[in-house]
**Q** 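One structure, pasted below without further comment.
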Amino acid sequence: MMLGYRSNDAVITICQNNGSKSIEISDINDIAEEMLGYKNAELAKKPLHQLLPPRIGELLSEYVEFEDDANDVGSVLSKVQSFSVVGKDGKENGYRLKVVRAEAVNNTIVFKLVLQDRAGLRKNEALRKIIQDNFKGHESLDPATGLPDKYSLAKDIELMGYYNSKSELRSCFALLQVDYYDDLFSQYGRAICQEMIKHIAAISDHNLRPDDVVGSVGHKRVGVLLLDTTPESARMVCNRLRWQIAANPFLLADKTTLGLSVSTAFSRIGGRVSDRNLIDDCSAALDALGKSAANALLEVEEADKRKSN
């Protein structure tokens, strides 16, 4: 299950305010601007109904309940068949819709409406299938965990750098480090710590898309290659992986559980950080945090920019 959205998805951020009983647009990304013909400023604080055909607008008016634990705009839109929006030119176009509940504060709930062009989606799926086949051609596994190893991930990153330069795909890499690993190693030993790495990798794999890659980097880190993902979306994914890891403790042999946390460094592929050195640069960023760091999240490219200024 992917917890973000792809780099070429149109994203409309909306706010449901239960106090004022309103549903407003708060932001649209560049892809949505191009798709709709509107600039972001033209739609800010406008009612969502402005973008919806009457049949969908009427559903919202009838079924959205502006109360806690009731039907919200996300649950209503998720059930709409043949979702479509109306652009500035007045034309209605259909898209595949995914609704992501982003946050809820007091009486306000924030949703991201992710719109995927069906024709473009089929084209990207075909390209991702080609990429996956190429990944398998050079895959090598870490004998201790059975996961793709550092060499395999480095080759994957190099390949994605090539495809990023030749297409509209955007991809990111993240490195997850077990917090307080040295203390855990001293207390439980190498074999148990390897099982911890496999546990974190399994949680990551379960919460990502089938075409993303999860591997092992050294003895205390899990590498994650996020295909067709922007840095903004990668940050969301990394955050939710941290939450999922914290929410699913490791089961020891005596049936007691051990809570784990991870610190994460991530970077976009094809950015300021060299793809050839991307894994090592993420590792260096985690090393620089120190052994006492816990539950940290760092975008390596942003750290690199700060150093150069």
Side-chain angles (χ1 to χ4, degrees), residues 1-118 121 207 209 229-244 246-247 297:
M1 178 181 62
M2 176 60 185
L3 299 171
Y5 43 86
R6 302 184 188 278
S7 59
N8 60 344
D9 290 340
V11 182
I12 303 171
T13 304
I14 63 172
C15 295
Q16 173 181 325
N17 189 309
N18 290 341
S20 62
K21 299 187 183 304
S22 63
I23 305 168
E24 293 184 344
I25 302 162
S26 61
D27 181 76
I28 64 174
N29 70 352
D30 292 344
I31 304 298
E33 284 188 334
E34 182 178 348
M35 179 188 78
L36 297 168
Y38 287 103
K39 293 297 183 182
N40 186 34
E42 294 179 88
L43 291 176
K45 297 186 177 181
K46 298 293 190 208
L48 177 61
H49 284 67
Q50 181 170 326
L51 296 179
L52 300 177
R55 63 181 179 85
I56 299 178
E58 289 168 5
L59 287 174
L60 291 186
S61 298
E62 183 174 356
Y63 290 107
V64 172
E65 301 167 334
F66 294 96
E67 299 176 3
D68 293 338
D69 301 320
N71 275 336
D72 56 37
V73 63
S75 62
V76 174
L77 288 179
S78 295
K79 295 179 177 66
V80 170
Q81 305 251 347
S82 303
F83 182 82
S84 60
V85 293
V86 178
K88 191 173 183 178
D89 59 5
K91 294 181 180 178
E92 181 179 340
N93 293 297
Y95 298 91
R96 191 168 86 172
L97 172 69
K98 180 170 71 171
V99 182
V100 179
R101 184 179 175 126
E103 59 182 336
V105 179
N106 297 326
N107 286 327
T108 301
I109 312 171
V110 178
F111 297 92
K112 291 184 181 292
L113 309 184
V114 183
L115 309 183
Q116 298 174 327
D117 176 70
R118 293 188 178 98
L121 196 61
N207 286 279
R209 299 166 300 193
T229 303
T230 64
E232 178 191 18
S233 185
R235 182 177 291 275
M236 291 174 57
V237 172
C238 291
N239 261 324
R240 297 203 183 186
L241 287 181
R242 291 192 300 165
W243 300 338
Q244 288 295 319
L297 179 61

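Only heavy atoms go into these numbers, but all of them, side chains included; no hydrogens, no water, no symmetry mates. Just so you know, these numbers come straight off a predicted model, no measurement behind them.
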**Q** Would you say His49 and Ser61 make side-chain contact, with heavy atoms under 4.5 Å?
**A** yes

**Q** Please name the pair of heavy atoms, one in Leu297 and one in Cys238, separated by the smallest distance, quoted to 0.1 Å.
**A** CD1-CB, 3.7 Å

**Q** Can you check whether Leu60 reaches Leu77 side chain to side chain, under 4.5 Å on heavy atoms?
**A** yes

**Q** Can you check whether Val11's main-chain N or O pairs, donor with acceptor, with Asn29's side chain at less than 3.5 Å?
**A** yes

**Q** Output yes when a side-chain donor or acceptor of Lys91 lies under 3.5 Å from a complementary backbone atom of Gly87, and no otherwise.
**A** no

**Q** Charged N to carboxylate O below 4.0 Å: is that the case for Asp72 and Arg101?
**A** yes

**Q** Check this for me: Asp89, atom CG, are more than 12 non-hydrogen atoms of other residues, nucleotides or ligands nearer than 6.0 Å?
**A** yes

**Q** Is any side-chain heavy atom of Val114 closer than 4.5 Å to a side-chain heavy atom of Leu97?
**A** no

**Q** I need the minimum non-hydrogen distance between Val76 and Leu59, along with the two atoms involved.
**A** CG1-O, 4.1 Å

**Q** Can you tell if the side chain of Asn17 reaches within under 4.5 Å of the side chain of Phe66, non-hydrogen atoms only?
**A** no

**Q** Under 3.5 Å, side-chain donor or acceptor atoms of residues 40-48 against the rest of the protein: list the pairs with distances, not counting sequence neighbours.
**A**
residue: Asn40; atom: OD1; partner: Ile28; partner atom: N; Å: 2.9
residue: Asn40; atom: ND2; partner: Asp27; partner atom: OD1; Å: 3.1
residue: Glu42; atom: OE1; partner: Lys88; partner atom: NZ; Å: 2.8
residue: Glu42; atom: OE2; partner: Lys39; partner atom: N; Å: 2.7

**Q** Kindly say whether Ile31 contributes a backbone atom to a donor-acceptor pair with the side chain of Asp9 at under 3.5 angstrom?
**A** no

**Q** With the side chain counted from C-beta on, respond yes when Tyr38 and Gln50 share a heavy-atom pair under 4.5 Å apart, and no when they do not.
**A** yes

**Q** Once salt bridge (Lys or Arg N to Asp or Glu O under 4.0 Å) is applied, do any residues pair with Lys21, and if so which ones, sequence neighbours excluded?
**A** none

**Q** Does the side-chain contact (heavy atoms from CB on, under 4.5 Å) test come out yes or no for Lys98 and Ser78, once each step is laid out?
**A** CA-CA 7 Å; Lys98 180 170 71 171; Ser78 295; over 6 Å; no

**Q** We want to know whether Thr229 and Arg209 form a side-chain donor-acceptor pair, criterion being a heavy-atom distance below 3.5 angstrom.
**A** yes

**Q** May I ask you to decide if Thr13's main-chain N or O and Ser26's side chain share a donor-acceptor pair within less than 3.5 Å?
**A** yes

**Q** Contact between Met35 and Val85 at the side-chain level, heavy atoms closer than 4.5 Å - yes or no?
**A** yes

